[in-house]
Enquirer: 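Okay, here's the structure, questions in a sec.
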Amino acid sequence: MALKTEPFVLNIGPVHPSTHGVFRMRATMDGEVVLDIEPVFGYLHRGIEKLAEQRTYGGFIPLTDRLDYIASMSNNFAYVTAVEKLAGIKVPERAEYLRVIMAELQRIAAFLIAVGAFLNDCGAFFTPFIYMFREREKIVDLFEMVSGQRLTYNYMRVGGVSQDIPDEFLPALRKFLDKMPGYIDEYDRLLMQNEILLARSKGIGILTREKAINCSISGPVLRASGVEWDIRKADPYSIYDRFEFDIPTGTVGDCYDRYRVRIAEMRQSLRILEQAVAQLPSGPIRSDVPHLVRPPVGEAYTHIEAPKGELGFYLVSDNSIAPYRCHIRPPSLINLTALREMVRGWKIADAIVIFGSIDITVGEIDR
Amino acid sequence: MAIIDFVINSRVPMQALPPDWPGGFWWHWLFFTVVIIGFVLTMVMGFIYIERRGMGYMQSRLGPNRTGPFGLLQPVADALKVLLKENIVPTTADKLVHWLAPIVAFAPALMIFAVIPFQDKALLADLNIGILYIVAISSVSTVGVFMAGWGSSSKYSLLGAMRNVAAVVSYEIPLVLAVVGVVMIAGSMSLNQIVLAQNIPFILLQPLGCLLFFVAGCAEINRSPFDLMEADSEIVAGFHTEYSGMKFAMFYLVEYAEALAISAIITTLFLGGWRGPLLPPILWFVLKVVIVFFVMVWTRTTLPRVRIDQLMALAWKFLLPLALINLVITAIQVLIWPTALPWILVPVNFAIMVVLILIWSKFFKLGLGRIEV
Amino acid sequence: MTRTLSGKDIAGQLEEKFPGSIVESNQAHLIVKSEVLPDTLRFLKETAGLDFNYLNHITAVDYYQYFEVVYQLSSLEHNHTTVVKARCYDRENPSLPSVIGIWQGADFQEREIYDLMGINFTGHPNMKRIFLWEDFQGHPLRKDYL
């Protein structure tokens with residue numbers, strides 16, 4: 001006698017240990033196998049784009065912190081470059097270097113969380129996660145030195161940064177740069193060749209090169225699929241054309257590649273940081289920008305390579321003190337486009353691993 | 001530790017067989033029931049402390065250190081907190097099944113200790129089929145787990161319970177086969193006799209059997225890397241997702257009581273039980289149990305979790321054939337050299353284990369991959 | 001550095017293939033008629049030399065008289081970019097053809113625009129609100145939504 005079976009719907013989230021925020025996946029399952037999945041967003045929607053229209057250009061910066069709240073500096077960076085492009089503001093050299101230092105530190109911090117959470121989703125019970133938080137803590141300490149904040153830094157300003165770095169910042173950063181390569185080796189030693197991790201992530205959730213490009217995937221997920229596309233190289237914003245670094249890419253586009261690409265990018269960020277610290281000039285940290293910026297009528301789109309991918313700001317100005325329209329290109333949201341194809345046919349445990357390897361922040365998805 | 005001192009120093013004769021006096025049987029029964037419950041509860045508290053502190057140190061953090069000296073009272077605080085919590089039952093739950101499940105799961109974990117010798121002849125019932133009893137009883141917990149999964153009427157719970165049933169059904173076989181090797185060498189199924197037979201600990205004579213038993217035991221009691229019945233990153237908490245308060249505490253207790261049981265069985269079967277020089281037997285027993293448990297904590301902090309098909313593949317394609325081969329080798333050794341010096345067999349068996357595992361892992365592939373939908 | 005292709009040059013190529021499809025073109029962008037939008041975008045994606053295989057983002061702006069939908073396209077091979085726009089003059093029931101068949105990356109972004117700006121993308125397989133709940137009244141990013 002054949003048993004009668006039928007698929008059932010499992011709501012993963014909105015509150016679930018590994019959805020990384022209030023995110024929901026409506027999964028149709030056949031036993032353990034995921035037949036279909038539908039991401040459901042909006043639990044954290046705050047209307048930040050609408051709020052921007054009622055704030056001054058400078059007054060919107062604190063709100064950008066709340067987008068990808070584990071990479072606030074990058075959000076600041078993307079927004080201020082958009083305003084500067086719109087208004088044609090020159091940024092002093094020292095401020096550019098400080099921005100790059102902050103953005104790269106932020107990238108390392110965000111990847112530490114991404115990799116740690118990914119390994120945690122694979123079931124390594126918090127050990128890699130806490131090891132990585134140990135180093136993130138040092139980065140957060142550095143940020144606290146310059147901005148006084150530990151999560152939402154609100155550090156960058158239109159035309160520069162809010163304040164110069166204190167005297168103890170550079171020695172502390174130096175110490176961090178000396179120690180970090182050893183720590184990254186330690187992360188590799190933890191689980192890189194672990195048989196179970198390989199079985200759980202190699203060949204799982206393959207995102208092909210063509211699919212990745214077609215789905216507008218960006219950031220480490222795109223590079224893991226073998227596309228050598230990094231906005232820092234392809235379209236160097238700020239002063240990224242002055243630094244030497246490589247673009248690590250994957251070959252297959254599976255979860256393991258995404259994990260390896262993030263680890264490799266941490267090393268490249270350290271390279272950039274070394275160069276930026278060595279070249280750091282002295283001088284003013286802010287150009288003479290009026291308190292209320294009034295950019296000329298027009299529009300500007302700038303994108304930066306944020307830890308999650310291409311973070312872009314599309315600003316439309318009507319020559320008032322507030323943006324007429326502010327659109328944020330959310331890498332986290334767009335990277336989820338291919339999630340459905342990636343998880344179909346895999347088991348629920350794989351679906352969680354695949355989802356973890358994409359690395360999203362819900363604050364950025366819902367905005 | 002007071003209870004242990006009491007056990008060691010008590011003037012009460014710890015005897016296995018009831019004396020002729022009719023009250024002796026009941027006295028024996030009462031004494032060991034109390035001792036077992038006390039032992040399990042104390043050890044579980046100790047285990048919780050060891051697990052949390054040990055994991056803390058392995059994860060470069062401190063772990064609980066505020067309640068009492070060195071955080072020793074943390075398990076007490078945990079227990080108090082969880083007992084005072086509200087008992088929430090889902091409205092769609094099957095109330096009776098939901099209510100009975102923790103009890104059904106807890107009783108067998110306690111019953112295992114009836115046949116485990118704390119020292120020579122100090123056990124509740126020296127059954128001559130002790131191991132068979134353990135194998136039979138330990139599977140009953142699964143019924144409780146499945147009741148919890150079914151009765152909660154939550155999909156996460158059901159998935160977790162299904163995984164647990166599948167795992168236990170699969171891993172029971174290598175588990176039993178690994179035990180049979182020990183039984184052959186010892187020539188008895190009574191745990192007391194097995195301990196007495198271990199002039200050298202059986203882990204040296206049966207290294208592969210010990211490894212298989214440890215792996216299969218970990219899978220049976222949901223310890224990492226086989227903890228996918230309660231994988232928190234996948235199915236929240238598995239079968240006890242919908243439990244709170246006292247009933248959750250029961251499941252929490254079951255988890256550690258089972259870990260204690262498996263540690264105690266490994267100690268008894270492979271590590272020489274209570275035997276050891278200098279220290280009193282009960283201390284040796286506790287020490288070995290704690291060491292085995294520590295290895296479990298160690299694997300938990302180190303390894304990622306396997307997937308359900310990989311779990312099954314490991315049981316059927318890796319552990320089962322190796323357990324059968326081990327059985328055959330042991331049978332040959334026992335048959336041909338019944339009186340040989342066992343020390344010669346120690347390096348031989350270790351070499352056989354290494355070779356077998358290396359060869360088998362060449363042919364073995366974890367996982368099935370994607371299913372076309 | 002990513003080259004920004006002038007809207008004028010692309011407009012020339014497009015005009016040859018689809019006469020009368022261009023509304024306006026200048027250095028920064030080109031505006032195409034909404035009826036031929038998918039055809040022109042497919043042309044931009046598939047023509048050798050242009051190869052706009054990557055859709056950076058889609059967004060919409062409310063200019064009271066019309067909605068402007070902005071497509072930022074890039075080519076990962078040639079490393080150049082351009083901006084294509086389309087306009088919707090209907091305020092009650094604005095609609096545009098969906099480009100999800102050309103770039104799948106448009107999926108969530110079109111839904112987002114529908115949710116917040118109220119532009120209906122015809123041909124999108126799953127055109128429903130993405131952030132707000134189903135019964136929500138109005139479209140918050142419109143300028144007349146207060």
Enquirer: Roughly how far, to the nearest 0.5 Å, is CZ of A:Arg209 from CG of C:Leu76?
Expert: 8.0 Å
Enquirer: Would you compute the distance between atom CG of C:Asn79 and atom CG of A:Asp235 and round it to the nearest 0.5 angstrom?
Expert: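 Atom-to-atom, C:Asn79:CG and A:Asp235:CG are 7.0 Å apart.
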Enquirer: Could you tell me which of C:Lys45, C:Gln109, C:Arg129, C:His57 has the largest number of non-hydrogen atom pairs under 4.5 Å with chain A?
Expert: C:His57
Enquirer: What class does the angle between the rings of A:Phe41 and C:Phe108 fall in, given that below 30° is parallel, 30 to 60° is tilted and above 60° is perpendicular?
Expert: perpendicular
Enquirer: How far does CD of C:Gln104 sit from CD1 of A:Ile217, to the nearest 0.5 angstrom?
Expert: 8.5 Å
Enquirer: Which atoms of A:Glu299 come close to chain C, meaning under 4.5 Å heavy atom to heavy atom: side chain ones, backbone ones, both, or neither?
Expert: side chain
Enquirer: Name the region of C:Asn56, side chain, backbone, both or neither, that has any atom closer than 4.5 Å to a heavy atom of chain A.
Expert: both
Enquirer: I want to check something: taking the side chain as every heavy atom from C-beta on, are C:Val61 and A:Tyr314 in contact at a cut-off of under 4.5 Å?
Expert: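 Yes, close enough: below the 4.5 Å cut-off.
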Enquirer: Please determine, among A:Val227, A:Val40, A:Leu336, A:Asp241, the option with the most heavy-atom pairs under 4.5 Å with chain C.
Expert: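 The residue among A:Val227, A:Val40, A:Leu336, A:Asp241 with the greatest pair count is A:Leu336.
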Enquirer: Please classify the contact of C:Ile100 with chain A as side chain, backbone, both or neither, using a heavy-atom distance under 4.5 Å.
Expert: neither
Enquirer: A:His327 and C:Ile58: which non-hydrogen atoms are nearest, and at how many Å?
Expert: NE2-O, 3.6 Å
Enquirer: Contact between C:Trp103 and A:Cys215 at the side-chain level, heavy atoms closer than 4.5 Å - yes or no?
Expert: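 Heavy-atom side-chain distance check fails, nothing below 4.5 Å.
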Enquirer: Could you report the tightest heavy-atom contact between C:Leu55 and A:Arg329, atom names first, then the distance?
Expert: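 The pair with the smallest heavy-atom distance is O-NH2, 4.3 Å.
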Enquirer: Is the closest side-chain donor-acceptor distance between A:Arg325 and C:Thr59 under 3.5 Å?
Expert: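 Yes - a donor-acceptor pair under 3.5 Å links their side chains.
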Enquirer: Rounded at 0.5 Å granularity, tell me how far CZ in C:Phe131 sits from CG in A:Asp366.
Expert: 5.5 Å
Enquirer: Is it the case that C:Lys143 places NZ or CZ above or below the six-membered ring of A:Tyr324, under 6.0 angstrom from the centre and within 45 degrees of the axis?
Expert: yes
Enquirer: What part of A:Glu310 gets closer than 4.5 Å to chain C, counting heavy atoms only: side chain, backbone, both or neither?
Expert: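 It is the side chain, since no backbone atom gets that close.
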Enquirer: Which one wins on heavy-atom pair count under 4.5 Å against chain C: A:Glu210, A:Glu38, A:Arg367?
Expert: A:Arg367
Enquirer: Would you indicate whether the side-chain heavy atoms of C:Glu112 and A:Leu333 approach each other to under 4.5 Å?
Expert: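 Yes, at least one pair of side-chain atoms sits under 4.5 Å.
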Enquirer: Looking at chain C, which one of A:Ala234, A:Gly312, A:Pro330 has the largest number of heavy-atom pairs inside 4.5 Å, strictly under?
Expert: A:Ala234
Enquirer: Determine whether more than 12 heavy atoms belonging to other residues, nucleotides or ligands lie under 6.0 Å from atom CZ of A:Arg26.
Expert: no
Enquirer: Would you give the length of the straight line joining atom OG of C:Ser74 to atom CD1 of A:Ile231, rounded to the nearest 0.5 angstrom?
Expert: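 That separation rounds to 8.5 Å.
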Enquirer: Please evaluate residues A:Glu53 and C:Arg142 with respect to the criterion salt bridge (charged side-chain N to carboxylate O under 4.0 Å, His left out), reporting the C-alpha separation (whole Å), side-chain torsions for both, the decisive distance (0.1 Å), and the verdict.
Expert: CA-CA 11 Å; A:Glu53 294 170 13; C:Arg142 286 189 180 183; over 6 Å; no
Enquirer: Hey, which of A:Asn335, A:Val316, A:Asp318 has the most heavy atom pairs under 4.5 Å with chain C?
Expert: A:Val316
